[in-house]
Amino acid sequence: RIVGGCCGTTPEYIKALTEKSANLQPIQAYPKAFSVVSSHTHIVEFKDQPILIGERINPTGKKRFKQALIENDMDYILKEGINQQDKGVHILDVNVGLPDIDETAMLKRTISELQAISNLPLQIDTSNPVAMEAALRVYNGKAMINSVNGKEESMRQIFPLVAKYGGLTVALTLDEKGIPSTAAGRVDIAKKILKVAAEYGIDKKDIIFDPLCMTVSTDDNAALETLKALRIIKYELGCHTSLGVSNVSFGLPERSAINSVFFGSALENGLSAAIMNPYSYDMMKTYYSYRALHGMDPNCSDYIEFCSKYTPEISVKSTTSSGAAAPAQDCKSALQHAVVKGLKDEAGTITQELLKTTAPLDIVQNDIIPALDKVGKGFEEKTVYLPQLLMSAEAAKSAFEKIKENMAKNDNFANSSKKCRFVIATVHGDIHDIGKNIVKLLLENYGFEVTDLGKDVPPEVIAAEAVRLNAPIVGLSALMTTTVPAMEATIKLLRKEAPSCKIVVGGAVLNKEYADKIGADKYAKDAMETVRYAEEINQQFLTVS
């Protein structure tokens with residue numbers, strides 16, 4: 001439905017493209033009744049399967065989380081996201097509202113950093129329209145927006161944002177008169193919300209109703225009226241539903257028992273999604289049991305897997321006694337876990353502790369490199385994406401900084417651990433350096449001595465630096481079609497001035513055939529392939545040396 005050009009496209013090309021497509025008719029688009037949210041890579045559809053929304057990124061009743069917000073402890077916040085994802089939630093609720101902080105700035109930052117380490121969709125949870133818009137502007141995908149309600153002021157503030165940025169909106173069944181005690185009263189508010197949403201072009205498929213469960217300790221009928229409202233909204237109004245399940249048990253002992261039974265009842269009455277604690281064994285047991293009993297879990301495989309690795313009475317704390325994140329099952333150490341998950345500050349702290357008892361080289365070989373290899377493999381297999389790769393690289397860099405400080409005390413070790421020199425540059429005429437910077441970061445984390453000449457670098461400068469450093473390998477980047485000739489000129493000059501130097505090239509406009517044509521030794525399709533090639537050359541260089 002859209003055609004155009006990119007880097008290197010000329011006005012003549014666009015003119016020709018316009019002429020060629022002038023009489024084409026785009027395929028007609030039809031409305032689809034899909035209720036979905038998405039991250040930058042994944043979608044979650046509200047359909048038959050119940051959806052779990054992790055509630056732990058929220059200061060309500062969480063003293064340690066409040067402390068993290070006040071102290072700008074982003075690593076703690078990110079660990080809450082990582083740990084909930086590991087427990088199997090589908091969406092992360094994000095609420096950072098505290099009177100003591102700038103909610104707008106903190107919500108924007110938290111959304112940005114969570115997106116860098118997790119591919120789960122996020123629920124932007126705030127009552128502040130300014131903070132909500134700031135978060136929506138940086139959100140990559142279709143967010144879940146929590147929330148709007150039946151108050152006229154709320155609808156007129158929130159629905160314009162939903163219309164502008166898109167999103168699946170949680171609608172609370174309350175209005176200026178409060179929360180109705182009956183299901184019928186809540187359904188009336190739901191109908192009013194749908195009517196106003198339609199004025200802004202927002203379809204009911206993008207509204208998910210929360211009929212607001214109240215605690216049964218103060219109202220014997222609270223749970224029953226909520227369940228009745230769920231049924232009517234889901235099956236008569238045809239809308240999806242959500243609940244903060246744990247509200248039902250406030251003021252009671254053994255809350256997890258009440259929560260899990262109510263969760264099961266709500267699922268039977270049309271609950272589409274639950275905001276819940278994924279560390280609760282009872283809640284997760286109910287979820288997996290419900291799916292198995294309702295034909296949603298072929299051969300009960302998910303239930304069996306859950307039972308094999310989930311232990312009752314799991315603590316809601318997301319850290320070990322030392323304060324470090326508990327390593328994931330496929331990570332052999334806390335440091336590997338921190339690097340894989342992109343926890344920069346934690347990686348540095350753990351490394352500092354390890355250096356008291358472990359040789360720096362052992363830390364590099366046994367923890368950092370395996371973690372980077374794991375992330376690199378995931379990137380190549382497209383199970384890890386660029387933001388996660390960069391966060392992991394930053395975490396590894398933090399660990400290396402601690403090791404370098406230690407290495408400074410031991411020159412012999414420092415010299416023995418170095419790898420060969422690597423000169424890198426974006427070629428003359430090209431001003432793009434994002435790809436080059438990613439390659440540089442990863443190479444440094446793998447121990448290479450990288451000399452970064454920057455962008456728009458003339459061939460003579462690159463060749464002179466390769467000769468001066470006796471560098472066995474040079475990396476050249478080009479993103480624009482118009483600068484590929486400069487890459488070819490640089491390669492020719494390097495062949496003349498530094499004939500033994502290996503040349504690896506990369507960039508969006510290149511492919512292996514073109515790299516071979518202009519005389520490069522290696523075409524690397526991404527940063528990890530550059531690292532793999534550099535490792536090969538380093539081995540050859542050490543053998544010759």
Side-chain angles (χ1 to χ4, degrees), residues 1-34 36-43 112 115 119 121 136-143 162-167 201-203 206 379-380 382 385-387 389-390 424-439 454-459 462 475-492 503-520 522-530:
R1 297 178 65 83
I2 300 173
V3 293
C6 192
C7 298
T9 305
T10 63
E12 291 77 18
Y13 177 85
I14 295 296
K15 181 181 179 182
L17 191 62
T18 302
E19 293 171 352
K20 288 286 186 180
S21 59
N23 296 321
L24 296 178
Q25 292 298 316
I27 296 172
Q28 187 173 354
Y30 296 95
K32 301 174 181 66
F34 298 152
V36 300
V37 292
S38 75
S39 65
H40 56 295
T41 56
H42 288 69
I43 68 163
S112 296
Q115 289 180 126
N119 56 23
L136 286 168
R137 287 185 68 84
V138 299
Y139 186 76
N140 298 322
K142 182 178 180 180
V162 178
K164 181 176 181 180
Y165 295 101
I202 300 168
D203 192 81
D206 285 323
F379 183 69
E380 291 168 343
K382 292 184 170 53
Y385 296 88
L386 183 57
L389 181 71
L390 291 177
I424 192 167
T426 301
V427 298
H428 188 51
D430 204 314
I431 59 170
H432 299 86
D433 63 355
I434 294 176
K436 171 184 67 65
N437 292 343
I438 295 169
V439 173
K455 55 192 177 184
D456 190 15
V457 185
I462 298 172
L476 302 176
S477 174
L479 195 68
M480 301 168 63
T481 55
T482 53
T483 58
V484 173
M487 179 178 281
E488 184 175 9
T490 304
I491 292 172
K492 287 182 179 178
I503 304 167
V504 55
V505 299
V509 296
L510 294 173
N511 55 39
K512 185 180 185 305
E513 291 71 26
Y514 202 87
D516 292 341
K517 180 180 177 182
I518 62 178
K522 172 70 175 178
Y523 163 69
K525 69 178 183 297
D526 55 41
M528 281 310 304
E529 192 164 334
T530 304

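- Here CE of M528 is found 7.5 Å from CG of L389. Values are rounded to the nearest 0.5 Å.
- Nearest heavy-atom pair, G5 versus I14, reported as atom, atom and distance to 0.1 Å: N-CD1, 4.0 Å.
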### Message
Assess the residue pair T490 and H428 against the criterion (side-chain contact (heavy atoms from CB on, under 4.5 Å)); give the C-alpha distance rounded to whole Å, side-chain angles, the decisive distance to 0.1 Å, and a yes or no.
### Response
CA-CA 9 Å; T490 304; H428 188 51; 5.9 Å; no
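- Sequence neighbours left out, not one pair with a member in residues 6-28 passes salt bridge (charged side-chain N to carboxylate O under 4.0 Å, His left out).
- Rounded to the nearest 0.5 angstrom, F379 CZ and L390 CG are separated by 8.5 Å.
- S38 places no side-chain N or O within 3.5 Å of a backbone atom of G141 that could act as its donor or acceptor partner.
- The minimum heavy-atom distance linking G167 with D206 is given by the pair O-CB, 3.7 Å.
- Evaluation of the side chain to side chain donor-acceptor pair (under 3.5 Å) rule for N437 yields no partner, not counting sequence neighbours.
- Enclosure of atom CD1 in I27 is not indicated, since only 12 or fewer non-hydrogen atoms of other residues, nucleotides or ligands lie within 6.0 angstrom.
- For the residue pair D456 and G429, the shortest heavy atom distance occurs at OD1-N, 2.5 Å.
- Nearest heavy atoms, L479 versus T483: N-OG1, 4.5 Å.
- Minimum interatomic distance between K32 and Y30 (heavy atoms only, all atoms of both residues): NZ-O, 3.2 Å.
- Using a distance-only test at 3.5 Å, with no hydrogens or angles considered, a donor-acceptor pair links the side chain of S39 to the main chain of H42.
- With sequence neighbours excluded, the residues satisfying side chain to side chain contact (heavy atoms under 4.5 Å, CB included) with E529 are K522, A524, K525, D526.
- Every side chain to side chain contact (heavy atoms under 4.5 Å, CB included) that L17 has, sequence neighbours left out, goes to V3, Y13.
- Contacts of T426 classified as side chain to side chain contact (heavy atoms under 4.5 Å, CB included), with partners at least two apart in sequence or in another chain: D430, D433, K436, K455, S477.
- The line from CG of L476 to CD of E488 is 12.0 Å long, rounded to the nearest 0.5 Å.
- Looking only at side-chain heavy atoms (C-beta outward), L136 and K164 stay at 4.5 Å or farther from each other.
- Taking Y523 as the reference, nothing meets the side chain to side chain donor-acceptor pair (under 3.5 Å) condition, with sequence neighbours excluded.
- Taking each heavy atom of P459 and A486 in turn, the nearest pair found is CG-O, 4.4 Å.
- Every residue two or more places apart in sequence or in another chain that forms a side chain to side chain contact (heavy atoms under 4.5 Å, CB included) with N140 is listed here: H40, Q115.
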Please table the atom pairs, donor to acceptor, closer than 3.5 Å between any side-chain atom in residues 508-515 and protein atoms at least two apart or in another chain.
residue, atom, partner, partner atom, Å
N511, OD1, E513, N, 3.2
N511, OD1, Y514, N, 2.7
K512, NZ, D516, OD2, 3.0

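- Summarising the geometry, atom CD1 belonging to I491 is positioned 4.0 Å from atom CD1 belonging to I518; distances are rounded to the nearest 0.5 Å.
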